[in-house]
Amino acid sequence: MSTEPGHSSNPSTNTAAATATAAAQHTSIPTGHEGSVRDQFDAYLQRVRGGEMGMLPALAALVIITLVFWIATPFFITKLNIANLLTQTGALMMLAMALTFVILLAEIDLSAGVTGGLSMAIFILLTNKSSLPWVVALLVALVCAASIGLFIGFFVAKVGIPSFVITLGLFLGLQGLNLVLLGNAGAYRIQTPAIVAIMNKSMPVWAGWLMLLIMVGLSLGTGMYDRARRAAAGMAVRPMSLLWARVGALAIGGGLIVWLLSLNRSTSSVEIKGVPIVVPLALTVMWVGTMMLDRTRFGLHLYAVGGNPEAARRAGINVARIRIAAFMICSSLACLSGLFSASQTGTVESSAGRDIVLSGVAAAVVGGVSLFGGRGRLVQAAIGALLISMITNGLGLLGQSAGITLLVTGGVLILAATVDALSRRRSGSTSLARG
Amino acid sequence: MANPTIELKGIRKSFGPVDVLKGVDMQVFAGKVSALVGDNGAGKSTLIKGLSGAQPYDAGEVFFDGSPVAINSPKDASALGIEVVYQDLALCENLDIVQNMFLGREEVHQGMLNQAEMEKHAAATLGSLSVRTMKSVRQKVSSLSGGQRQTVAIARAVLQKAKVVILDEPTAALGVAQTEQVLNLVRRLADSGVAVIIISHNLADVFQVCDYINVLYLGTMTAQLETAKTNHPDVVAYITGTKSDTKIAEESVA
């Protein structure tokens, strides 16, 4: 036996000294943080080859599609079109992120779109017909959406109805409720300037730069914090240059976009410049959601339930609670998605949110969120939404018909699903047994 | 012989009219590997499910370190330090080794997962079991071999400071080299002072790694043997019921 029994087999949080010696004795298993930049890069390549591609396919597609449209039309990479793209993708991006929470559990919410529509119907009735302040009305709408999520979660987790069926029922039923509430009167105009501004106004130029500064600061800050904690625990840390590279890429890439958006992009005499208001809102939701998924017990348990519900249950995780919470988060974010699309058109119709939901699912899948559950991140859903918006936007600029756009979007979705299935099979088969 | 970590006396369990366990006695010792063998339907799983709290016994006494205890739920069992590694392992393939080892009992610092501490303890635990076959403790379980997965499941039990680890068919799905790895691991686990119970159909494995062999035959413990003092044909005879210990026969007469 290579180790003294007793102390090394029972690593306890209290006897830090004992575990420290145990760790020092057995440096045989690395943590993936050791080695030079070169080693890190090699390890990353090996993971990719093993099927853990993460957001690589979506990022590659983003670059390719950008290049293709850039070459095909001079109007694609322009100040005005980049701003347009960001606002066009806002609602879809929010819905894709909403759906990610339930797709991670290998569930689906077909009613997410109309949930957004219904909550906006409630919002518009409260603001237009009663004199409720818009903030209160928005909160009521959010609570309504969350309770729809609670309803779905209850039926899925407690009653045992497949989420596909219960949300299909709601998809039909909530459209009906929308019609009943709004009647056939057509579209209601939003009379709250603050809501319309989300999609149609931009922040002052200085606020855009401040936003970028906060993003870079948060990225650097969390990176440094993680390093400090690892160092305090006596664990290996990745080379500092990797963190600088990541923060630098964010600063340069983000800086380029903020700079473009800070120039006047108006074609008329009225000046339009600055980052659209929707951008910081969407980024905030993405940052909070990502922190929750990556760094809290709840997030980890969500991935665990998505990966293997039985294992999660045996580990003492309350699987039903996780499922219900995921559906509630999904419906709440769907309400924000509804808010974005209502802001974009400035109106609320009884058919609001009916058509967008499948595009939301497609966006998440194109970004690399696996419908089999347990794999995917919010940023991937966001990239997927951006991809789909770029296809629509670019083909539109090229004067292609809606038919062609749908054909291409469908093809990209099937391609993405194939990549997911293949990489899944691959990651299951690359067992690196060394006996 | 020292006092047993677990002692079962007169354990009974029936499902409706079927008596699955008919007064079973068994002893399990710290630092030793005890095999539980028997043909299908002998009552092995029922006996284990009672110990793990999944299916409490109808009658009989359970002593843990000499004092009587009641195990009525999986929580009771894990509070005593009894951990079961099931045949299907119950690992999340999409999570990495550290996440699986700590699943459900994560360490948290200011509301956030304490990744560095968990990584450190996971690496130390695997190190203490002399596990050297993994590339990284942050490797996803989906990329591990069957033997490595078994190792993670066992290490998870060790991390919970288990005093008794019950392994259900740990080598059933493994090749020769990986079986060897897992059996070595089981030996080291026992040598570190843990009482290990192995359920197995593979007598070669049992003879290689176990100190004691307990044979169940149709709900009765027909033999409790020291591995060193018995042989393969004898154990087969006990399992198939052609042979039975006099002690058990006397008891059933009484």
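Just so we're clear, the structure is a prediction, and the values are computed from it rather than from any experiment.
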Most heavy-atom pairs under 4.5 angstrom with chain A, which of [options]?
options: B/Val137, B/Leu113, B/Val108; answer: B/Leu113
options: B/Gln99, B/Arg105, B/His109; answer: B/His109
options: B/Ser136, B/Pro74, B/Gly175; answer: B/Ser136

- Separation of A/Arg297 CZ from B/Glu106 CD (nearest 0.5 Å):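 Reported value, rounded in 0.5 Å steps: 4.5 Å.
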
- Item | A/Met292 CE to B/Met112 CE distance, which is reported to the nearest 0.5 Å |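 Answer rounded to 0.5 Å: 10.5 Å.
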
- Is there a side-chain contact between B/Glu93 and A/Asn308, using heavy atoms and a 4.5 Å cut-off? no

- Message: Contact between B/Leu103 and A/Ile317 at the side-chain level, heavy atoms closer than 4.5 Å - yes or no?
- Response: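 The answer is yes, as the side chains (C-beta and beyond) meet within the 4.5 Å cut-off.
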
Which atoms of [X] come close to chain A, meaning under 4.5 Å heavy atom to heavy atom: side chain ones, backbone ones, both, or neither?
X: B/Gln115; result: side chain
X: B/Leu91; result: backbone
X: B/Asn100; result: neither
X: B/Gln110; result: side chain

- Task: Would you confirm whether B/Asn94, through its side chain, and A/Arg375, through its main-chain N or O, come within 3.5 Å as a donor-acceptor pair?
- Result: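 No, the answer is negative, given that no donor and acceptor are paired below the 3.5 Å cut-off.
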
- Query: Can you say whether A/Asp294 sits under 4.5 Å from chain B via the side chain, the backbone, both, or neither, judging by heavy atoms?
  - Reply: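 Backbone only.
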
- Could you tell me which of A/Arg314, A/His301, A/Arg313 has the largest number of non-hydrogen atom pairs under 4.5 Å with chain B?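 Winner by heavy-atom pair count: A/Arg314.
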
- Looking at A/Ala304 and B/Cys92, what are the two nearest heavy atoms and their distance? O-SG, 3.4 Å

- Message: Which heavy atom of A/Tyr303 sits nearest to which heavy atom of B/Leu95, and what is that distance?
- Response: CB-CD2, 3.8 Å

- Task: Decide yes or no on salt bridge (charged side-chain N to carboxylate O under 4.0 Å, His left out) for B/Glu119 and A/Arg230, but give the supporting numbers first.
- Result: CA-CA 9 Å; B/Glu119 222 168 76; A/Arg230 289 188 68 84; 2.5 Å; yes

- Message: For A/Tyr225, is the OH atom crowded, meaning more than 12 foreign heavy atoms sit under 6.0 Å from it?
- Response: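 Enclosed.
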
- Item | side-chain hydrogen bond (donor to acceptor under 3.5 Å, both in side chains) partners of A/Ser370, counting only residues at least two apart | A/Asp420

- Message: Checking an interface table here. Which of residues 232-247 of chain A come within a heavy-atom distance under 4.5 Å of chain B?
- Response: A/Ala233, A/Met235

